[in-house]
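Note that these values count all heavy atoms, side chains included, but never hydrogens, waters or copies made by symmetry. Since we're looking at a predicted model, the values are computed, not measured.
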Amino acid sequence: MVKNTCVAAAVALILGSAPAVFAADGVTPEQLLNADSDAGNWLTHHRDYAAQRFSPLNQINKDNVKNLHVAWTLQLGGIEGGGIWSHGGLEGTPLVENGFMYVTDGWGSVYKIDTKGGQAKVLWRMDPKTDHDWAGAVACCGVDNRGVALSGNLVLSHSLDGRLIATNKDTGQIAWQRQVADPDKSEVITGAPLVVKNMVITGVAGAEYGIRGWIAATDLTSQKEVWRTYTIPAKGEPGSETWKDSNNAAATGGGSTWVTGSYDPRTNTLFWGVGNPGPDWDSEYRPGDNLYTDSTLALDVDSGKIKWHFQHTPNDAFDYDSVAENVLADAPVHGQPRHLDLEADRNGFAYAVDRDNGQFVWGLPFVKKVTWTKGLDPETGKPVEYDPKLPVQKYNASVTPSKENPVTMICPGNMGGKNWPPTAYNPVLKQWYIPVIESCNRITVKPETPGKPVGKREFFTGGGPDQPVRITGSVTAIDVTTGKEVGKHETPFPMLGGLLTTPDLVFYGQPDGKVAALDAKTLQELWSFNTGGGVNAPPMTFTSDGKQYVAILVGQGGAWDKWFIESTPELKGMPPGSSLYVFSLN
């Protein structure tokens with residue numbers, strides 16, 4: 001369940017260093033529902049279904065974090081390139097059950113690591129044997145894999161070429177696998193699976209190739225598909241009226257779902273973010289609001305039926321995905337208790353909506369410079385310039401890419417004010433921490449030809465970005481009870497990894513190799529260590545033999561060194577890598 005603040009505080013004090021309780025028959029649905037009763041483990045991608053990335057463990061705290069040091073490191077594989085990519089990268093979150101860690105490399109190989117005794121021992125490695133050139137040729141933004149899920153005696157993972165793979169936890173042998181996505185249609189999978197009840201949920205990547213996005217559920221017993229919900233409605237379906245073109249754009253409209261969602265068992269609702277429409281920058285090709293792109297979707301988890309949606313940037317002309325994780329938090333807002341869904345959007349605004357009905361609660365910019373709009377309507381949460389009567393939205397027309405204005409400079413840039421790296425929410429302090437990218441870059445529109453067949457395995461973007469200016473970042477804190485910014489820790493490089501919060505700390509990594517801990521209240525830096533390799537992954541924490549550790553994968557990948565490196569020239573000499581760092585107090 002979503003954590004109550006008082007319960008979370010009690011758990012932090014009582015269970016912070018307590019040994020976890022383990023089921024004899026593997027990871028159960030009850031364990032996934034009650035993450036805080038198993039505080040030493042990290043059993044699902046965001047640690048809990050609420051995607052808060054808050055751990056109540058407190059052996060490591062603001063008073064002693066200065067003594068944190070490397071406990072052990074481990075070199076992994078998956079660094080080789082493929083297709084259009086020179087090397088793989090690490091973006092995953094390790095999972096830990098009873099001292100055993102499960103982690104992936106960039107190509108989706110799964111490693112089981114015994115962490116007991118304060119050292120690392122690899123017990124097995126499952127290689128999905130993905131064809132590197134074939135899959136890498138359509139992996140839009142890097143050779144990456146964000147991790148696994150656990151259910152019973154299975155380790156569940158995705159491969160870049162679109163498979164869902166179930167590996168026996170004890171032997172490392174593949175128990176079964178099924179093809180979920182079709183790379184021949186430019187569909188690939190980079191996100192971690194999410195297990196809910198007896199189903200594993202999968203999202204898809206590929207909006208830049210003109211796919212039709214979806215979210216799919218697979219039954220773990222029958223190994224068959226339970227439901228598949230498309231994010232681009234077919235003609236006649238609800239939302240299809242928001243595609244007002246005659247190009248059949250809804251069939252190739254994008255709407256990818258490549259970041260792992262969250263789940264509220266109170267209402268049996270799955271929350272998932274949806275990416276940009278296609279073509280990315282030629283919004284005149286696809287007049288209308290283009291649902292359900294750039295939206296948060298709330299779905300019935302048993303049927304996949306959409307309960308409600310909230311769209312952040314209708315008729316997006318900026319590549320501002322809303323693919324980010326949705327954080328579920330229970331907190332009073334202006335004195336009234338609310339069930340919140342929090343989302344930090346690539347468009348530079350942070351949103352809180354009522355997760356029971358999708359009603360807008362509050363929104364604010366979390367980047368220092370926003371030029372594409374003057375702000376959000378305080379009643380609807382839509383951009384103030386939004387006009388539902390217009391087929392093509394211009395917002396701030398002077399910077400909105402269009403045929404009449406083909407070269408523009410937008411802020412935030414197309415990497416977004418926040419990209420996929422996850423936020424973290426501290427339910428004790430009621431503060432939400434966002435890994436920020438401070439950026440602007442130039443966009444050039446190259447209009448797509450209406451009626452032209454979309455070429456599979458070819459970009460369908462309507463233009464593209466270039467000439468990024470200097471890009472920096474920050475860890476920005478927001479008080480969810482007021483919707484106001486309460487702190488900003490500036491960083492010299494963009495936040496390309498993600499965050500972890502504990503009762504009084506916030507951990508993060510930087511692409512120059514730095515890993516650091518901040519005071520959760522003041523955002524003052526209390527500890528740092530340079531790993532010597534670019535960090536592109538979020539930290540996590542766990543216990544082994546009753547001792548708390550902090551772990552993070554190190555190995556810069558993704559799109560940065562291919563398309564954005566000129567904005568951070570100091571990182572040009574950062575070599576590729578693939579390693580796991582684990583820290584402890586002694």
Side-chain angles (χ1 to χ4, degrees), residues 3 5-18 35-36 39-42 46-48 52-71 93 96 118 327 329 331 421-436 473-481 484-492 495 497-510 513-531 535 537-544 546-552 581-586:
K3 290 187 281 287
T5 299
C6 295
V7 173
V11 168
L13 294 172
I14 297 171
L15 296 179
S17 58
D36 279 346
N41 283 337
W42 189 293
H46 296 300
R47 200 192 77 88
D48 59 12
Q52 294 185 359
R53 288 191 174 250
F54 168 82
S55 172
L57 296 176
N58 61 1
Q59 289 181 8
I60 300 169
N61 55 61
K62 68 178 183 179
D63 295 324
N64 60 25
V65 70
K66 63 180 180 293
N67 299 319
L68 208 60
H69 67 272
V70 175
T93 300
V96 173
V327 179
T423 61
Y425 172 69
N426 188 316
V428 179
L429 301 177
K430 299 183 179 64
Q431 288 191 182
W432 180 35
Y433 307 97
I434 301 175
V436 178
S474 72
V475 176
T476 294
I478 294 173
D479 183 339
V480 303
T481 69
K484 303 295 184 182
E485 182 181 308
V486 292
K488 189 179 283 286
H489 176 82
E490 304 277 358
T491 58
M495 294 294 294
L499 304 178
L500 161 71
T501 185
T502 64
D504 59 4
L505 294 169
V506 177
F507 290 89
Y508 73 94
Q510 282 269 277
K514 178 181 178 179
V515 179
L518 309 177
D519 184 304
K521 287 185 179 179
T522 66
L523 298 188
Q524 176 187 357
E525 184 177 299
L526 302 178
W527 167 85
S528 69
F529 177 86
N530 197 299
T531 63
V535 177
M540 55 80 69
T541 187
F542 67 97
T543 61
S544 184
K547 182 177 179 179
Q548 184 182 357
Y549 296 87
V550 173
I552 192 167
Y581 273 74
V582 177
F583 301 90
S584 68
L585 289 175
N586 50 51

Q: Could you list the residues that satisfy side chain to side chain contact (heavy atoms under 4.5 Å, CB included) with Ala35, not counting sequence neighbours?
A: Arg47, Asp48

**Q.** Expected output: side-chain His489 to main-chain Leu523 donor-acceptor under 3.5 Å
**A.** yes

**Q.** Check ion pair Lys66-Glu525 (N to O, under 4.0 angstrom)
**A.** no

**Q.** Test ring pair (Phe, Tyr, Trp, His ring centres under 6.0 Å) applied to Phe583 - qualifying residues, sequence neighbours left out
**A.** Trp527, Phe529

Q) Between the side chains of Trp432 and Thr423, is a donor N or O closer than 3.5 angstrom to an acceptor N or O? A) yes

Q) Ignoring hydrogens and geometry, is there a side-chain-to-backbone donor-acceptor pair from Gln59 to Gln548 under 3.5 Å? A) yes

**Q.** Intermediate values then yes/no, side-chain contact (heavy atoms from CB on, under 4.5 Å), Val550 and Phe507
**A.** CA-CA 9 Å; Val550 173; Phe507 290 89; 4.0 Å; yes

(Q) Suppose we screen for side chain to side chain donor-acceptor pair (under 3.5 Å). Which residues come up paired with Tyr581, at least two apart in sequence or across chains? (A) none

Q: Please find out if less than 6.0 Å separates the ring center of Phe542 from that of Tyr549.
A: yes

Q: Let me see the working for Lys430 and Thr481 under side chain to side chain donor-acceptor pair (under 3.5 Å), right down to the final yes or no.
A: CA-CA 7 Å; Lys430 299 183 179 64; Thr481 69; over 6 Å; no

Q: Ignoring hydrogens and angles, tell me if any N or O in the side chain of Asn426 forms a donor-acceptor pair with the backbone of Thr502 under 3.5 Å.
A: yes

Q) Any side-chain donor paired with an acceptor under 3.5 Å for Gln510 and Tyr508? A) no

(Q) Under the side-chain contact (heavy atoms from CB on, under 4.5 Å) test against Ile552, which residue among Val582, Thr541, Val535 passes? (A) Val535

Q.
Among residues at least two apart in sequence or on other chains, which ones pass side chain to side chain contact (heavy atoms under 4.5 Å, CB included) with Lys521?
A. Leu429, Asp519

Q | Set of residues satisfying side chain to side chain contact (heavy atoms under 4.5 Å, CB included) with respect to Ala424, sequence neighbours excluded | A | Arg53, Leu499, Thr501

Q: Go through the structure and list residues passing side chain to side chain contact (heavy atoms under 4.5 Å, CB included) with Asn64, not counting sequence neighbours.
A: Ile60, Asn61, Asn67, Leu585

Q.
Could you check whether any side-chain N or O of Tyr433 sits under 3.5 Å from a backbone N or O of Ala520, counting only pairs where one atom can act as donor and the other as acceptor?
A. yes

Q) Just checking, any donor-acceptor pair under 3.5 angstrom between side chains of Lys514 and Ser528? A) no

